Amino acid sequence: RSFIRFSVFKNVDFPQPEGPIKAVIAFLFIDKQRQYFRQRAITDELTGLLNRSGFNDELDRYAREIGSKPCVGIMLAVDDFKSINDIYGHAVGDEALKNLARSMVNEFPDNSIIGRNGGDEFCIELKETDAETAGDQIERFCHQQRMFRFHGREYNYRISFKLNLI
């Protein structure tokens, strides 16, 4: 009989499952791995937001169910982001992007679709929102003070946006 050794239980051997139990465990393991890789495929590694593919998938799904409900698409970008990376380094630029991503998740409604298009570009889809409400939200969001730290000093940066009515 073969055994499985679990590192959590030192010096304890458990009998290896056989037959249908082994098949169920294998299926569950494969399903868990599939879920893990699917999530990695649609998630931006740096920010934890949806990546472009994940954002587009969610947007397509929403478009199929939207009916006549209003919604607003927003494109955001960090102004002069290349200079942040060039002057202060990519680690500092990455930190600025992560902070911006966190602030988007905190600022916009839970039912929003938020993703990173790539580089310093982000997309937000505000579901069941009209242009006036979205304009107010994004205006307030873009005028918040944004900063990053470098060698103990704080530096401000700005973001700009574009609204698309859908």
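Just so we're clear, the structure is a prediction, and the values are computed from it rather than from any experiment. Residues: numbered from 1 along the sequence shown.
Note: Met104 CE to Asn99 CG = 11.0 Å, rounded to the nearest 0.5 Å. Taken to the nearest 0.5 Å, the CD1 atom of Ile74 stands 8.5 Å off from the OG1 atom of Thr129.
Annotation for Glu139 and Phe161: closest pair OE1-CZ, 3.5 Å, computed over non-hydrogen atoms. Between Ile66 and Cys71, the shortest heavy-atom contact is CD1-SG, 3.4 Å. The two residues Met75 and Cys123 make their nearest non-hydrogen contact at SD-SG, 3.4 Å. Considering all non-hydrogen atoms of both residues, Ile124 and Leu126 come closest at CG2-CD2, 3.8 Å. When all heavy atoms of Arg116 and Thr47 are compared, the closest pair comes out as CD-CG2, 4.0 Å.
Annotation for Arg102: atom CZ counts as buried by contact number, over 12 foreign heavy atoms lying within 6.0 Å. Heavy-atom neighbours of Glu132 CD from other residues, nucleotides or ligands within 6.0 Å: at or below the threshold of 12. No more than 12 heavy-atom neighbours from other residues, nucleotides or ligands sit within 6.0 angstrom of CD on Glu45.
For Gln145 and Asn156, the side-chain atoms include at least one donor-acceptor pair closer than 3.5 Å. No donor-acceptor contact under 3.5 angstrom links the side chains of Asn56 and Ser53, judged on distance only. For the 3.5 Å distance criterion, the side chains of Asp80 and Ser83 fail to qualify, holding no donor opposite an acceptor. Counted by atom type alone, Thr43 and Gln39 present one or more donor-acceptor pairs between their side chains at under 3.5 Å.
Looking only at side-chain heavy atoms (C-beta outward), Lys98 and Leu46 come within less than 4.5 Å of each other. In this structure, Gln137 and Phe108 have side chains that are in contact, with non-hydrogen atoms separated by less than 4.5 Å. For the pair Leu49 and Val105, the minimum side-chain heavy-atom distance is below 4.5 Å. Considering only heavy atoms from C-beta on, Leu76 comes within 4.5 Å of Phe141 through its side chain. No side-chain heavy atom of Arg140 sits under 4.5 Å from any side-chain heavy atom of His143. A 4.5 Å side-chain heavy-atom check between Phe55 and Ile113 finds at least one atom pair inside the cut-off. Side-chain contact between Asp57 and Ile42 is present, with heavy atoms from C-beta onward closer than 4.5 Å. Two residues are said to be in side-chain contact when any heavy atoms from C-beta on lie closer than 4.5 Å; Val78 and Leu97 meet this criterion.
Between the Asn51 side chain and the Ala41 main chain, a donor and an acceptor come within less than 3.5 Å of each other.
Between Lys127 and Asp110 no salt bridge is recorded (no basic side-chain N to carboxylate O distance below 4.0 Å). Between Arg149 and Glu95 no salt bridge is recorded (no basic side-chain N to carboxylate O distance below 4.0 Å).
Cluster annotation: Ile84 and Phe150 are assigned to the same hydrophobic cluster (Ile/Leu/Val/Met/Phe/Trp/Tyr, side-chain heavy-atom contacts under 4.5 Å, transitive).
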Discussion item. With side chain to side chain contact (heavy atoms under 4.5 Å, CB included) as the criterion, how do Leu50 and Glu58 come out once you've worked through the C-alpha distance, each side chain's angles and the decisive distance to 0.1 Å?
Written reply: CA-CA 9 Å; Leu50 293 170; Glu58 285 296 312; 3.7 Å; yes
Practice prompt. Might you work through the salt bridge (charged side-chain N to carboxylate O under 4.0 Å, His left out) test for Asp79 and Arg146, ending with a clear yes or no?
Written response: CA-CA 11 Å; Asp79 297 342; Arg146 311 247 170 247; over 6 Å; no
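With Phe81 as the partner, the side chain to side chain contact (heavy atoms under 4.5 Å, CB included) test is satisfied by one option alone out of Leu100, Asp120, Asp86: Asp120.
Ring-plane geometry between Phe148 and Tyr157 is classed as tilted, the angle between the planes lying from 30 to 60 degrees on a 0 to 90 degree scale.
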